[in-house]
There are 2 protein chains.
Amino acid sequence: MPRPSTPLLSPDRIRSVALAIIDRDGLDGLSMRKLAAELGVQAASLYGHVRTKDQLLNDIAQSILSAVDVSGFSVDWREGLIRCARSYRAALSTHPNIVPFLAYGPAGREESLQRLDLLHGALVDAGWSRREATMIAAGLMYIVFGSALSSFSSGFSSDPADYVDRYPHLDRAHLLPGVARELDRDSFELALAAFVRGL
Amino acid sequence: MPRPSTPLLSPDRIRSVALAIIDRDGLDGLSMRKLAAELGVQAASLYGHVRTKDQLLNDIAQSILSAVDVSGFSVDWREGLIRCARSYRAALSTHPNIVPFLAYGPAGREESLQRLDLLHGALVDAGWSRREATMIAAGLMYIVFGSALSSFSSGFSSDPADYVDRYPHLDRAHLLPGVARELDRDSFELALAAFVRGL
DNA sequence: TGAGTTAACCTAACACTGTTCGGTTAGTCG
DNA sequence: CGACTAACCGAACAGTGTTAGGTTAACTCA
């Protein structure tokens with residue numbers, strides 16, 4: 001059918017359904033044809049609203065990262081770093097399946113850079129040199145992205161019994177989904193606290 | 001041509017050529033047909049030596065991670081952590097293009113787990129509780145993998161002039177390849193030092 | 001009101017991808 | 001010498017992202 005009375009597609013709708021598919025089926029579970037199908041449309045029609053799949057993923061990533069809050073440096077820079085990192089982690093852990101895409105970088109996404117720039121500026125204002133500020137901001141990103149991708153929750157989904165005999169030191173309990181989630185959060189908090197304290 | 005006098009293929013040769021392609025053309029630059037071509041062979045022939053592409057990538061990842069050294073805890077645990085992290089980073093930064101694949105994790109790769117297990121055991125021996133040891137090991141991995149994937153070198157490869165006006169705080173010099181490499185290393189070292197000191 | 005343009009969809013196709021099936025033959029073992 | 005296996009190849013399948021060209025509804029403007 002040609003041109004419907006009310007448009008079926010819009011960039012926003014495409015992005016939101018695409019993100020839903022990613023959340024549900026993983027990053028590899030998203031194909032343009034499947035996306036089109038769930039939108040009640042043929043695959044080719046998407047390209048009137050989206051330049052390319054990669055661009056679509058980038059847009060989705062940006063919209064996720066735009067939820068990150070870097071205000072909080074009014075108090076002091078340590079607290080600001082911690083808030084910023086928590087906000088980042090919250091954004092990423094809401095949509096963990098998109099993290100592998102972020103790994104393809106460029107970290108040169110607009111939103112990321114804007115936030116990095118603000119972070120950097122706040123650190124400089126707090127008395128760090130430009131170079132130090134850059135490295136501290138980078139270190140914070142290490143913890144954020146590292147925790148997003150090497151998480152216990154998404155890591156070992158198979159049967160705990162497989163591990164317990166081969167790796168005597170590792171605790172089987174880590175592998176239960178509930179415990180893993182909590183452990184992820186606590187590990188992140190510990191790493192963050194240690195990092196900020198150690199500066 | 002059928003069965004040649006001396007076999008053209010072996011798992012080792014396949015892995016090494018595949019890794020060379022990944023290093024040269026990126027993770028997406030590796031296809032079974034291209035790999036076969038560079039081995040002087042048809043794509044189907046690979047499947048006599050390799051179960052699947054994913055398995056091949058896993059094997060490559062393992063062989064890279066098996067270069068990681070977790071001995072060094074004889075001295076003290078802080079030094080051990082630092083050495084371990086450096087060794088990890090060295091392994092990953094030699095083949096940065098495979099990092100996106102690792103992001104798809106399961107982190108449940110054999111080699112990773114073995115090393116994590118040893119790390120964990122050493123921390124427990126040093127007096128940390130099992131839970132603390134797990135979280136510390138996780139934190140170390142955050143920094144290692146975070147630095148591997150959100151690096152300045154691989155991040156912004158485009159023209160520095162694009163950035164300098166839009167992001168006033170960021171220093172243009174960060175974007176020059178040479179400086180970026182050095183900055184990556186220093187950022188990693190700073191994050192690592194701060195983390196270990198803060199424990 | 002009616003003509004022309006544009007916007008939004010479609011079908012069909014292209015060049016890829018990973019993977020499998022069935023062949024063909026060189027080497028090896030009894 | 002015969003049977004068998006190991007190692008390759010050609011062709012195909014289902015799936016991928018993406019593009020070209022067509023069809024028609026909705027909008028614009030005289």
Side-chain angles (χ1 to χ4, degrees), chain A residues 1-61 97-98 100-106, chain B residues 1-61 97-98 100-106:
Chain A
M1 292 293 143
R3 183 150 203 197
S5 33
T6 67
L8 304 169
L9 263 34
S10 76
D12 272 346
R13 212 165 99 75
I14 293 176
R15 275 195 289 268
S16 103
V17 171
L19 182 53
I21 294 178
I22 291 173
D23 287 341
R24 170 163 45 84
D25 303 337
L27 191 58
D28 289 336
L30 176 73
S31 80
M32 297 304 269
R33 282 174 177 82
K34 187 199 270 186
L35 172 58
E38 300 211 3
L39 286 159
V41 126
Q42 293 301 113
S45 312
L46 298 171
Y47 288 85
H49 304 262
V50 161
R51 228 161 44 92
T52 168
K53 185 190 185 183
D54 208 71
Q55 186 59 53
L56 171 61
L57 287 171
N58 258 299
D59 291 348
I60 291 171
N97 290 342
I98 208 165
F101 172 75
L102 298 179
Y104 277 94
Chain B
M1 294 293 143
R3 185 149 200 195
S5 33
T6 67
L8 302 169
L9 263 35
S10 76
D12 272 346
R13 211 165 100 75
I14 293 176
R15 275 194 290 269
S16 102
V17 172
L19 182 53
I21 293 178
I22 291 172
D23 287 341
R24 171 163 43 85
D25 302 337
L27 191 57
D28 289 336
L30 177 73
S31 80
M32 298 304 268
R33 283 176 174 82
K34 188 199 269 187
L35 173 56
E38 299 211 4
L39 286 159
V41 125
Q42 293 301 114
S45 312
L46 297 172
Y47 288 84
H49 305 261
V50 161
R51 229 160 43 91
T52 169
K53 186 190 184 182
D54 207 72
Q55 186 59 52
L56 171 62
L57 287 171
N58 259 300
D59 292 347
I60 291 172
N97 289 342
I98 208 166
F101 172 75
L102 298 179
Y104 277 93

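We name chains A, B, ... by the order of the sequence lines, and we start the count at 1 in each one.
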**Q.** Rounded interatomic separation in angstrom, taking CG from B:Leu27 and P from C:dT17
**A.** 14 Å
**Q.** Donor-acceptor under 3.5 Å (A:Asn97 side chain, A:Leu27 main chain)
**A.** no
Q: Find out whether B:Lys53 and B:Leu46 are in side-chain contact, i.e. whether some heavy atom of one side chain is under 4.5 Å from a heavy atom of the other.
A: no
Q: Decide yes or no for A:Leu57 and A:Tyr104: does some side-chain heavy atom of the first lie under 4.5 Å from some side-chain heavy atom of the second?
A: no
**Q.** Nearest-0.5 Å distance, CZ of residue A:Arg13 to CD of residue A:Glu38
**A.** 10.5 Å
Q) How many Å lie between CG on A:Leu35 and P on C:dC9, as a whole number? A) 13 Å
Q: Enumerate the residues from residues 41-55 of chain A whose closest heavy atom to DNA chain D is under 4.0 Å, giving them by residue number; use none for an empty result.
A: A:Ala44, A:Tyr47, A:Thr52, A:Lys53
Q. When the distance from CZ of B:Arg33 to C1' of C:dG18 is rounded to whole Å, what number comes out?
A. 7 Å
(Q) To the closest 0.5 Å, what do you measure between CD1 (A:Ile14) and CD1 (A:Ile60)? (A) 10.0 Å
Q. When the distance from NZ of A:Lys34 to C1' of D:dT18 is rounded to whole Å, what number comes out?
A. 19 Å
Q. How close or far is atom P of C:dG18 from atom CG of A:Asp28, stated in whole angstroms?
A. 12 Å
Q) Between B:Met32 (CE) and D:dG10 (C1'), how many Å, whole number? A) 17 Å
**Q.** Atom-to-atom span, CZ of A:Arg13 to P of C:dA8 - whole angstrom
**A.** 14 Å
Q: Using atom CG of B:Leu30 as one end and atom P of C:dT19 as the other, report the distance to the nearest whole Å.
A: 11 Å
**Q.** Minimum side-chain heavy-atom gap A:Leu56-A:Leu35 below 4.5 Å
**A.** yes
